[in-house]
Amino acid sequence: MSNMSGGMWAEKYRPQTLNDMINQTEIVSRLKMFVQEKNLPHLLFVGPAGVGKTTSILALARDLYGPGYRNFTLELNASDERGIDVIREKVKNFARTAAIASPVSFKILIMDEADSLTSAAQHALRRTMEIYTRTCRFCLIGNYSENIIDPIQSRCSIFRFSSLDEKDMKTYIMNIVMREQIDIIEEGFDAVYQASGGDLRKATNLLQAAAATKDVIDDVSIYEVLGKVSPERVRAMIQQSLKGDFLEAREILRELLIDQGLAPDDIIRMVYSELMRNTVLSEQWKVKLSDKVGEVDYRLTQGARPEIQLSTLLAHLALAGEEMK
Amino acid sequence: MGNREAVSKLDKWIKSWGKKPPKKRAAFVYGPPGTGKTAAVQALATEKGYDLLEINASDSRTKNRIEEVLGKAAGQTVTVFGRPRMILLDEMEGVSGQKDRGGITAISNVIKSTRIPIVLVATTVEENMENKFRPLRSKATLIEFQPVPFGEVYKSLKRIAEENGVKVHPEVLDTLASRSQGDLRSAINDLETVAKGKTEVDPRDIEWMGERDRQDYTPNIINRIFSARSLWEARQTISQSMIPYEDLFDWIYENLPLVIDEPGERLQALETLAKADVYQKRARSSNYRLLKYMFNLMTGGVAFSRTKSQGLGLMKQVHAAIQRNGMPLSNFQTTETRDGVMIKPIRWLGRDKWGALNGELRGIGASWTYGQNFWVLPYFREPQTKWRYITTYHSRRKMKAVAAKLAVKTHTSTQEAVTETLPLLRIIYNADQENAEKIDAWLGLEDKEQKYLSG
């Protein structure tokens with residue numbers, strides 16, 4: 001197993017069967033019913049990142065088809081595919097042949113980040129779902145069901161995944177801690193939980209990165225790891241802006257957007273959460289800035305240019321810093 | 001007059017239209033302003049008995065509009081009077097490149113099937129032809145017009161003066177011709193201006209003119225935008241300049257915080273520019289008439305945000321850079337010149353010190369002039385974003401390649417792999433050799449991708 005996961009714990013400890021899943025118990029028990037009945041509807045999994053959406057459907061497929069499940073499943077990530085036509089073509093090639101030598105007559109198509117498709121693309125997808133419904137079941141995955149058009153929602157069984165609570169995460173993390181024989185103290189675990197926000201994949205990666213660099217994991221070692229990844233540069237950008245060094249802040253913004261290749265909406269998300277947590281900004285400024293961040297967020301969905309729009313936030317922060325001196 | 005070679009090439013192409021269309025059904029005429037591109041097309045069309053339908057490409061640049069206007073015309077081979085037709089698509093430079101290929105593609109499709117000659121005319125230079133008009137290049141006979149040589153401009157001016165019965169002093173003709181820089185039309189306009197209502201023009205009549213701003217020198221245009229006193233004046237820069245408005249926008253964005261550095265004013269200026277960007281997007285997706293609002297905001301809107309800002313003084317920046325390197329200012333001669341601040345070492349600095357200072361000065365936008373041995377820090381900085389995309393190209397490609405592999409293995413999108421997983425993977429990868437080897441095998445990383453992760 002370790003060879004297959006390349007030493008990445010998030011993959012090594014990804015539950016393989018529905019029985020391995022420690023959380024989402026209600027969802028899991030309903031999915032197990034589908035396996036027993038050897039039939040399933042189209043599925044729509046929604047919920048935050050790292051709570052087991054993709055893991056569940058992969059586990060279901062393994063339970064249903066056995067070890068050769070890869071032959072009967074196709075995983076697509078909507079945000080990686082170039083347009084709905086490419087998706088349709090792939091779906092067509094996959095779905096038009098019935099599943100041979102399989103316990104059931106259908107295959108499963110997993111479409112991750114389906115909520116990133118435009119509504120026009122979703123309508124096209126809906127048609128495709130209908131055409132191949134006999135030979136293929138669709139499992140659409142996304143963060144918000146609101147971003148999925150009604151006609152698709154009404155054709156799917158919707159499963160809402162919730163964030164992991166501290167207890168579930170501890171169970172999962174402690175299993176890794178024991179198997180990998182690492183030293184972690186209570187503060188270390190708390191920091192992992194805080195920083196991951198209930199996202200198991202992130203928690204596991206953080207844990208592994210900290211374990212790779214430190215013998216004993218405490219909160220400091222977790223923050224050190226965090227310091228090397230993007231949110232820290234976002235924080236630095238905000239600090240520079242507040243200090244009034246707009247030019248330096250803009251350089252960091254360019255580094256994030258260009259050198260590191262971060263998605264603009266990820267930067268917005270990080271900026272927003274940093275601002276809300278910021279202890280220097282007055283409450284009035286926080287309200288004002290949420291409005292500004294929201295405006296930029298909206299403009300980017302409309303196709304405005306990220307660097308121009310994001311830099312206005314830096315200028316707002318510089319003014320905030322000036323006024324609060 | 002001028003560009004004989006280009007004119008004869010155009011003539012030959014028109015002649016190639018026999019009973020059947022030739023292989024290249026369009027001619028693409030391009031070159032600097034005032035070199036007779038449009039005039040040559042008009043003259044040849046008349047000479048050959050064509051009925052010339054002139055379409056201003058920049059007015060009808062959206063895909064649908066072009067298909068509608070151009071597609072219809074390209075199907076009708078003769079007029080109702082039986083004269084053969086020809087289409088002139090002028091001001092191609094106004095059709096936007098990059099972001100809405102729609103317009104260019106629509107034109108390119110019409111060319112494929114046109115039954116009458118189509119001539120495209122763009123005021124642009126060779127460099128722009130490569131990217132923006134690439135889809136058209138292979139489908140059209142390319143005809144380049146060059147700046148009109150000094151002698152020809154001079155002769156033309158002399159002839160026009162004589163024809164209009166004005167006696168113009170040779171020195172005046174000389175000055176007008178040389179400052180036109182090959183733009184015959186502007187030279188004629190100038191002549192008309194100085195000769196208006198006169199029968200005789202001598203050198204004193206042109207003293208007031210001064211050096212004309214070169215239209216193709218972006219820093220001059222940016223300067224005019226930032227120092228404009230009226231909206232009209234600010235907007236003029238866009239319509240008069242040969243530089244695509246997208247480029248001007250980038251220049252304004254780059255230099256805005258250098259010129260407008262008072263926090264409140266900087267914010268206002270940036271917000272206005274960001275709104276201009278929104279109008280640009282709206283124009284592209286609905287109607288190009290919305291561009292005029294973008295132009296107002298990006299020029300006047302930005303310029304008038306400045307009232308108190310002094311700007312980051314270049315001299316101050318230079319002195320700071322020198323002092324940061326622990327060198328005495330007396331080792332340098334710093335002068336403000338027409339193009340920017342000149343920084344000249346008075347004595348040999350030594351390779352190491354020179355290198356350190358060079359790095360520092362490059363960071364604020366200066367460059368070393370070989371042969372002359374000084375740095376020049378231009379008053380306006382070139383947009384850095386594009387440059388950054390170029391310099392990070394290879395590392396970004398490797399990053400994307402690794403992320404794509406990682407995305408498949410971890411069941412995420414490539415973007416999520418870039419943002420969330422890659423930074424942590426890098427830490428794990430570099431912590432010990434055994435991990436690295438496992439990860440190499442797991443992801444099937446090539447040598448250069450391994451180097452990228454460990455670098």
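All chains are named by letter (A, B, ...) in the order of the sequence lines, taking the proteins before the strands, and each is independently numbered beginning at 1. Treat the numbers as computed from the prediction; the structure is a model and nothing was measured. Values reported hereafter were calculated over all heavy atoms of this structure, with side chains retained and with hydrogens, waters and symmetry mates removed.
Residues A:Q302 and B:R282 are not in side-chain contact: their nearest non-hydrogen atoms beyond the backbone lie 4.5 Å or more apart. Using a 4.5 Å heavy-atom threshold, the side chains of B:H411 and A:R14 count as touching. Contact check for B:I427 versus A:Q208: no side-chain heavy atoms found under the 4.5 Å cut-off. For the pair A:D112/B:S413, no side-chain contact is recorded, criterion being any heavy-atom separation below 4.5 Å from C-beta on. At least one side-chain heavy atom of A:H316 sits under 4.5 Å from a side-chain heavy atom of B:L267. Contact check for A:T312 versus B:L273: no side-chain heavy atoms found under the 4.5 Å cut-off.
Neither the backbone nor the side chain of B:S285 comes within less than 4.5 Å of any heavy atom in chain A. Of the two parts of A:E255, the backbone and the side chain both hold a non-hydrogen atom closer than 4.5 Å to a non-hydrogen atom of chain B. Contact of A:S79 with chain B is made through the side chain alone, with heavy-atom distances under 4.5 Å. Looking at B:K275, both its backbone and its side chain come within 4.5 Å of chain A, counting heavy atoms on both sides. The part of B:E416 that comes within reach of chain A is its side chain, from C-beta onward, which places non-hydrogen atoms under 4.5 angstrom from that chain. With a 4.5 Å cut-off on non-hydrogen atoms, A:L319 touches chain B through its backbone and its side chain both. Both the backbone and the side chain of A:A263 come within contact range of chain B, judged by heavy atoms closer than 4.5 Å. Both the backbone and the side chain of A:L206 come within contact range of chain B, each with at least one heavy atom under 4.5 Å from a heavy atom of that chain.
Considering OH of B:Y389 and CZ of A:R254, their distance stands at 10.5 Å, rounded to 0.5 Å. The distance from the CG atom of A:N205 to the CD1 atom of B:I428 is 5.5 Å, given to the nearest 0.5 Å. Going from atom CZ of A:R201 over to atom OG1 of B:T421 covers 6.5 Å, rounded to the nearest 0.5 Å. Between the CZ atom of A:F246 and the CG atom of B:L256 there is a distance of 7.5 Å, given to the nearest 0.5 Å. Rounding to the nearest 0.5 Å gives a distance of 5.5 Å between CZ of B:F249 and CZ of A:R305. With rounding to the nearest 0.5 Å, the separation of CE in B:M399 from CG in A:D259 is 8.5 Å.
Heavy-atom contacts from other residues, nucleotides or ligands closer than 6.0 Å to CD of B:E382 number 12 or fewer. Within a 6.0 Å sphere centred on NZ of B:K292, heavy atoms belonging to other residues, nucleotides or ligands number more than 12. Within a 6.0 Å sphere centred on CD of B:Q310, heavy atoms belonging to other residues, nucleotides or ligands number 12 at most. No more than 12 heavy atoms of other residues, nucleotides or ligands sit less than 6.0 Å from atom CG of A:D215.
Ranked by heavy-atom pairs under 4.5 Å with chain A, the first of B:L424, B:D432, B:L425 is B:L424. When A:A78, A:A212, A:S311 are compared by the number of non-hydrogen pairs under 4.5 Å with chain B, A:S311 comes out ahead. Contacts with chain A were tallied for B:R266, B:R426, B:R396, B:Q384; B:R266 has the most, counting heavy-atom pairs under 4.5 Å. Most heavy-atom pairs under 4.5 Å with chain A: of the set B:T414, B:D261, B:T392, this distinction falls to B:T414. For chain A, the option among B:T412, B:V408, B:L258 with the highest count of heavy-atom pairs below 4.5 Å is B:T412.
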**Item:** From CA spacing to verdict: salt bridge (Lys or Arg N to Asp or Glu O under 4.0 Å), B:E420, A:R269
**Value:** CA-CA 13 Å; B:E420 300 286 339; A:R269 186 169 46 75; 3.5 Å; yes
**Message:** Under the criterion salt bridge (Lys or Arg N to Asp or Glu O under 4.0 Å), I'd like the reasoning laid out for B:R388 against A:E251: C-alpha separation, chi angles, the key distance, then a yes or no.
**Reply:** CA-CA 10 Å; B:R388 197 156 188 146; A:E251 280 306 297; 3.0 Å; yes
**Request:** Could you check B:E271 against A:R299 for salt bridge (Lys or Arg N to Asp or Glu O under 4.0 Å), going step by step and ending with a plain yes or no?
**Result:** CA-CA 12 Å; B:E271 289 242 284; A:R299 285 182 182 182; 5.6 Å; no
**Message:** Walk me through whether B:E254 and A:R250 qualify under salt bridge (Lys or Arg N to Asp or Glu O under 4.0 Å).
**Reply:** CA-CA 10 Å; B:E254 183 66 40; A:R250 187 168 74 169; 3.3 Å; yes
**Message:** As a quick check of understanding, evaluate side-chain hydrogen bond (donor to acceptor under 3.5 Å, both in side chains) for B:T385 and A:E307, giving each step before the final call.
**Reply:** CA-CA 9 Å; B:T385 300; A:E307 191 189 324; 2.8 Å; yes
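When the salt bridge (charged side-chain N to carboxylate O under 4.0 Å, His left out) test is applied to B:R324, the partners found at least two apart in sequence or on another chain are B:E360. Every residue was checked against the ring pair (Phe, Tyr, Trp, His ring centres under 6.0 Å) condition with A:Y272, not counting sequence neighbours, and none meets it.
Of the possible polar contacts, none joining the B:Q280 side chain to the A:A304 backbone as a donor-acceptor pair under 3.5 Å is found.
Listed here is the closest heavy atom pair of A:Q309 and B:D277: NE2-OD2, 2.9 Å. Nearest heavy-atom pair, A:G261 versus B:Q415, reported as atom, atom and distance to 0.1 Å: O-NE2, 3.0 Å.
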